[in-house]
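Note sheet for the following structure.
Order of the sequence lines fixes the chain letters, A, B, ..., with proteins taken first and strands second; residue numbering starts at 1 for each chain.
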2 protein chains.
Amino acid sequence: MEAITPNDTRGASRKALLQAARDLIVTRSYASVGIAEICAQAGVRKGSLYHFFPGKEALTLAMLDALYADFERDVLIPGLSGANGLRARIDAFVHAIHAFEARMQTESGQLPGCPFGNLAVEMGTHNPALRQAIRKHLDAVTAHFRAVLDAAVQNGELPPETDTAAAAEQWLALMEGILVMAKADQDPATILRLGPALGALLLNPTPEVHHER
Amino acid sequence: MEAITPNDTRGASRKALLQAARDLIVTRSYASVGIAEICAQAGVRKGSLYHFFPGKEALTLAMLDALYADFERDVLIPGLSGANGLRARIDAFVHAIHAFEARMQTESGQLPGCPFGNLAVEMGTHNPALRQAIRKHLDAVTAHFRAVLDAAVQNGELPPETDTAAAAEQWLALMEGILVMAKADQDPATILRLGPALGALLLNPTPEVHHER
DNA sequence: CTTGCACTTTACCGACCGGTCAACTAGTGT
DNA sequence: ACACTAGTTGACCGGTCGGTAAAGTGCAAG
């Protein structure tokens, strides 16, 4: 018999490795965290890691998938769908991000910024596999933003000719930039201070857009 | 006799080390570049590096000072002061950044993004000395942006009640975000595609600003 | 009882990490 | 001629890196 009780110890080491990799890499960086440290934190021997994953990169890829799933469930969807109206949704999203970063700083002593943006910056120039995986997750975030903007167009809160795809991309870019600044400050207040810029960017009729992509 | 001819070989190794550190760290990352590699690229033995610098961190700090000086001279000042009018200056700045990133990609095969933002992201959570040095350089960039915005207020292009300090910070945040996205894409076209967001953000009367800093 | 398999454990690999050291070289001022 | 010094050199340090290999463990199906 098999797979009837998935909630036993089967896969416990695998999960512990994914969680340890997440905790360490998110709060520091890919290169500064070693296999040995991940194994120690997970309470697993190195050989077991290589039983479940071909190597550090594959472990990180799997960790990012799980991280995005949790981020979508815990931050993205609740933060964007709670309120009604575009401005309220943007504000709610900013506060959801602020709460996430502030909690991380309380728990780990560090304000991590955006885990995906961080990895994109660190590995963008010399690890194509990781870069493309991150790119996919960022596109998924953009799709959520666009859905919110499309709803605002439907409501008449934004003019019907709004290029919601372009605006969603700008939304993500500004959010990433805000988190870079907050990380440089190591201060979650930076998120609240810069947050209003999102409203200024998204609630105004965007001038001529060169739609090239 | 001394210091009458600073253009001889005195300090040549030091300069070569700074340049090698810049080339390697800017196109990759701090952690992925080793002392040995920097020395090899500079044509200098390891012992000499430790004659001029106490260690890797100090070398990086000095490299960042030189990098900011060049960036200010070659990109910031020409890009911001050339044209007249706020919109034209923003556009010129975007194109200056685009040109810089496109040239870097041609020369080194990699689109590096913002070197300061990159280091802030990589070291922000676990190297306070580097983080604070980067914070200073980012503040210096913000001051340049603010001067441009103040001139626009003087011209009447922006309303007199504009909070130029806040707007300059938003300008930097959005620029950093655009460069994160461009690095994730490894495509300079992303800078031009997202560039118009800067105009949308800065040329509109920013709504209520919680001035807390 | 035995075979097979998923998983674990431990010892080990060569390469590289940042950093140290003492000896040496060459140019300078006295 | 001499001493001083800034700069250079190459050998060396302990520690860590990501990754490998082989033996061992426990459990479940036949």
B:Glu122 and A:Ser32: CA distance, side-chain angles, deciding distance, side chain to side chain contact (heavy atoms under 4.5 Å, CB included) verdict: CA-CA 9 Å; B:Glu122 186 184 357; A:Ser32 75; over 6 Å; no

Rounded distance (Å) that lies between atom P of C:dG19 and atom CZ of B:Phe52: 17 Å

Would a 4.5 Å heavy-atom cut-off, applied to side chains only, mark A:Arg14 and A:Leu18 as touching? yes

Base-contact (B) and sugar-phosphate-only (S) positions in nucleotides 14-27 of chain D, heavy-atom cut-off under 4.0 Å, - elsewhere: ---SBBBB------

Without decimals, in angstroms, what is the distance between A:Leu49 CG and C:dT9 C1'? 14 Å

Return the CZ to CD distance between B:Arg135 and A:Gln186, rounded to the nearest 0.5 Å. 11.5 Å

Less than 4.0 angstrom from a charged side-chain N to a carboxylate O is my criterion; do B:Arg28 and B:Glu37 meet it? yes

What pairs with A:Glu72 under side-chain hydrogen bond (donor to acceptor under 3.5 Å, both in side chains), at least two apart in sequence or on another chain? A:Tyr68, A:His144

May I ask you to check if B:Lys56 and B:Tyr30 form a cation-pi contact, with NZ or CZ under 6.0 angstrom from the six-membered ring centre and within 45° of the axis? yes

If only side-chain N and O atoms of B:Ser13 are considered, is one of them under 4.0 Å from the OP1 or OP2 phosphate oxygen of D:dG7? no

Which nucleotide in the list C:dT10, D:dT8, C:dA6 gets nearest to the side chain of A:His51? C:dA6

Between atom CZ in B:Arg45 and atom C1' in D:dC12, what is the gap in whole Å? 17 Å

